[in-house]
Amino acid sequence: MPILEIICLANSKKHSGRCVAGIRTDGKGWIRPVSIAPEGVLEERHYVIKNIGPVAPLQVVRIPFDKPRPLLHHPEDWLIRPDSWEQSAPELSQEQITLLKQALTEGPELLGNTADRVPYPPIGAPPLDASLALVQPENLRIVVKEGKKPGDRRLRVNFDLAGTAYNLALTDVHWEEVLKEKPFGDYSTADLDYDPEALFLLTISLSEPFQATTGVNHCYKLVAGIFEAPHAWAATAQQTEPLAPPEPPPVIEATKGRAAKRKTQVLEPEPTPEPETQPESASSIRVAVVGAVGRMGREVIRAVHEAPGLELVAAIDTQKEGQDAGELAGIGTLNVSIQTDLQFALEWSGAEVLVDFTLPDSVFANILIALEMGVAPVVGTTGLSTEQLEEIDSLARDKGLGVFVAPNFAIGAVLMMEFAAQAAKYMPDVEIIELHHEKKIDSPSGTAILTAQKIAQARATAPTSLPHNPIEKVPGARGATLGEVPIHSVRLQGFVASQEVIFGGLGQTLTLRHDSQDRSSFMPGVVLAAQRVRQLEGLVIGLEKLLF
Ligand code: NAD
């Protein structure tokens, strides 16, 4: 987990966040710090240097990194840690200016060709050599023009490199600000009040892949940074020795973006589209899932990914570390890899809600960690004791957070419990049979416990049937008893989650039965709870509290 010093050479717009790039001061070449968010987008809390502001070109900064995370089209990507960045020097040293000169691309080729885009490597092909370049342009012009929709503004940069003309989209956030009030037109830097003698450098960065109508995907060359060369630039000798290639590419992850959810941009041949513009909704709730590899966890990954207003930002489990949560869930790459350290993952991802489908022995600790970190838990894991629930409620209230626990997220099961409570007012003699898959390790089920509690509260008169026979030839034959309601637990292959509530009366029985045929039955409830939990205060138990 190294802390590396880099000379920042770009801070550009990417979705609703940023893409930062620079070169390492240890001479090991280009580096692009990325987060674990989709497409590595950086948020303000990542790239803002305390007491200084957003990192800007030519600042030398120290960044805590986790590891290289090279992609086919971005071999220089390194995953950052969630710790803050620091400025190490306000100005470049002579050696650092020399490093910049080594990084210069002379042209006419830029990132492998003279076009405005490069083909995205097909599956099985080697990664691109580089996705970042520094150029000293000639005839630099910045163009502000109308986009496809009236009122839209497009920023382009025209320049020559060793006699070849380039026309690329501009994503540098500083220049967007400089140009935002300017009328449509074609500007030199002198027109924009810069010294006519000033020498400018450009950082070129490849975009995420776009799907072309031809079927060949492309990455566009973007002008991610425009900045004046450092003062001592002219005085520093031109270097011929090239900069080192990017740090070793141990694992190449193909990026398919946000799989099905991501809108694919289909290109027309010309003009180049505006780059990297599919921002997540600003109001998306950032959701982490713990137990992400389990039967329920995988279902939750799918549901969160597909749910409007929710964004999957982290997936945690004790198994399958590093694997992509989307691939494990069978929905393609989501660029959210399984992490094993819950606290680290929550801190890292900026999650607002944690969905827990783990095991009875870990759920309590997970909830405490989430609450300590200001994250609202939605809990499906059963097996929490009354004392634990009380402690959770108290901590949640201290922290001003909501916690939602549902023994059963299926609407049908919730209705069954409501109907059971209604029936218990008139038919107090009742028994519960709950039936689950053979791998369920706790019994009775949380649903059976809650049903029994509701029945006990709703009964107007005491039951007449005996919870235990005077002669129980095999101990336990009459099941366990809660609130004077016998409960029988069945564990067999073939079941997901079923329950029968049988009422007996004079000459009649009434049976309420609910069956979850598969785990998708729980997902509308999980999604609803994830959307609502931040509006709750303290502990709320039962989906009915959100529904009725
Ligand atoms: P599972 O065994 O398939 O999955 C549990 C997952 O949790 C596993 O991948 C395991 O590796 C992971 N895990 C265990 N401890 C962990 C920890 N400390 N940190 C991170 N990950 C950890 O179980 P399942 O069938 O998915 O069920 C999970 C829980 O959900 C059970 O308690 C089950 O009873 C409950 N459940 C609730 C509902 C409901 O509607 N509330 C519905 C179905 C299941």
Side-chain angles (χ1 to χ4, degrees), residues 360 378-390 392-393 402-436 440 442-468 478-490 495-517 521-529 532-533 535-548:
V378 168
V379 182
T381 312
T382 48
L384 285 164
S385 69
T386 311
E387 295 73 34
Q388 288 174 329
L389 289 169
E390 280 168 7
I392 289 166
D393 183 43
V403 179
F404 183 76
V405 176
N408 200 316
F409 277 98
I411 174 79
V414 172
L415 289 173
M416 172 192 63
M417 287 188 266
E418 291 298 304
F419 297 155
Q422 287 283 324
K425 290 180 191 161
Y426 309 100
M427 299 180 79
D429 294 327
V430 51
E431 304 205 4
I432 296 173
I433 306 173
E434 56 96 344
L435 313 95
H436 281 80
K440 181 166 176 61
D442 55 317
S443 58
S445 70
T447 308
I449 291 172
L450 191 58
T451 311
Q453 288 168 340
K454 283 177 179 286
I455 287 170
Q457 278 168 12
R459 269 177 181 144
T461 53
T464 56
S465 59
L466 293 172
H468 294 286
R478 293 283 294 116
T481 306
L482 184 74
E484 294 189 273
V485 180
I487 304 176
H488 312 268
S489 295
V490 177
F495 285 109
V496 173
S498 296
Q499 178 167 292
E500 276 186 11
V501 187
I502 308 172
F503 294 87
L506 201 57
Q508 60 186 319
T509 61
L510 167 67
T511 302
L512 301 172
R513 181 175 173 116
H514 174 260
D515 298 282
S516 276
Q517 313 287 4
S521 60
F522 304 113
M523 293 307 118
V526 172
V527 167
L528 178 70
R532 299 273 293 279
V533 65
Q535 290 141 25
L536 305 177
E537 269 180 41
L539 175 65
V540 174
I541 301 177
L543 194 62
E544 64 281 7
K545 303 269 174 46
L546 302 184
L547 292 173
F548 311 129

- Query: Val485 and Arg459: side-chain contact (heavy atoms from CB on, under 4.5 Å), yes or no, with the steps?
  - Reply: CA-CA 11 Å; Val485 180; Arg459 269 177 181 144; 3.6 Å; yes
- Query: Are Thr447 and Met416 side-chain neighbours, meaning at least one heavy-atom pair lies under 4.5 Å?
  - Reply: yes
- Task: Working to the nearest 0.5 Å, report the span between CG of Leu506 and CD of Gln508.
- Result: 7.5 Å
- Task: Quick one: closest heavy-atom pair of Phe503 and Met427, and the distance?
- Result: CD2-O, 3.2 Å
- Applying side-chain contact (heavy atoms from CB on, under 4.5 Å), run through Val501 and Ile455 and close with a yes or a no. CA-CA 10 Å; Val501 187; Ile455 287 170; 4.0 Å; yes
- Would you mind reporting whether Lys454 and Thr451 have side-chain heavy atoms less than 4.5 Å apart? no
- Nearest-0.5 Å distance, CD1 of residue Ile502 to CD1 of residue Ile433: 4.0 Å
- Query: What distance do Thr509 atom OG1 and Glu431 atom CD have between them, rounded to the nearest 0.5 Å?
  - Reply: 12.0 Å
- Mind checking the OG1-NZ spacing from Thr461 to Lys425? Nearest 0.5 Å is all I need. 12.5 Å
- By side-chain hydrogen bond (donor to acceptor under 3.5 Å, both in side chains), Thr386 pairs with (sequence neighbours left out) none
- Heavy-atom check, side chain of Val526 versus side chain of Phe404, under 4.5 Å: no
- Query: Where do Ile432 and Ala448 come nearest, in terms of heavy atoms and distance?
  - Reply: CD1-O, 3.7 Å
- Check whether any side-chain heavy atom of Arg478 lies under 4.5 Å from a side-chain heavy atom of His488, and answer yes or no. yes
- Taking all non-hydrogen atoms of both residues into account, name the closest pair between Ala423 and Leu510 and its distance. CB-CD2, 4.0 Å
- Message: Restricting to non-hydrogen atoms, name the atom on Arg513 and the atom on Phe495 that form the minimum distance, rounded to 0.1 Å.
- Response: NH2-CE2, 4.0 Å
- Message: For Ser489 and Lys440, which I'm curious about, is there any donor-acceptor pair between the side chains at under 3.5 Å?
- Response: no
- Task: Write down the atom of Ala410, the atom of Phe522, and the distance for their closest heavy-atom approach.
- Result: N-CD2, 3.7 Å
- Checking Asp393 side chain against Leu539 main chain: does a donor-acceptor pair fall under 3.5 Å? yes
- Message: Within this structure, what is the CG-CG distance for the pair Leu482 and Leu450, rounded to the nearest 0.5 Å?
- Response: 10.0 Å
- Heavy-atom closest contact (Pro444 atom, Glu434 atom, distance): CA-OE2, 3.3 Å
- Does CD in Glu537 sit with more than 12 non-hydrogen atoms of other residues, nucleotides or ligands closer than 6.0 Å? no
- Note on the structure: Distance col, row Leu435:CG vs Ser498:OG, nearest 0.5 angstrom, shows 5.5 Å
- Are the side chains of Asn408 and Gln499 in touch, meaning some heavy atoms are under 4.5 Å apart? no
- Just wondering, do Asp515 and Ser521 contact through their side chains at under 4.5 Å, heavy atoms? no
- Any side-chain heavy-atom pair from Leu528 and Phe409 closer than 4.5 angstrom? no
- Item | pair Leu536-Leu546: side-chain heavy atoms closer than 4.5 Å | yes
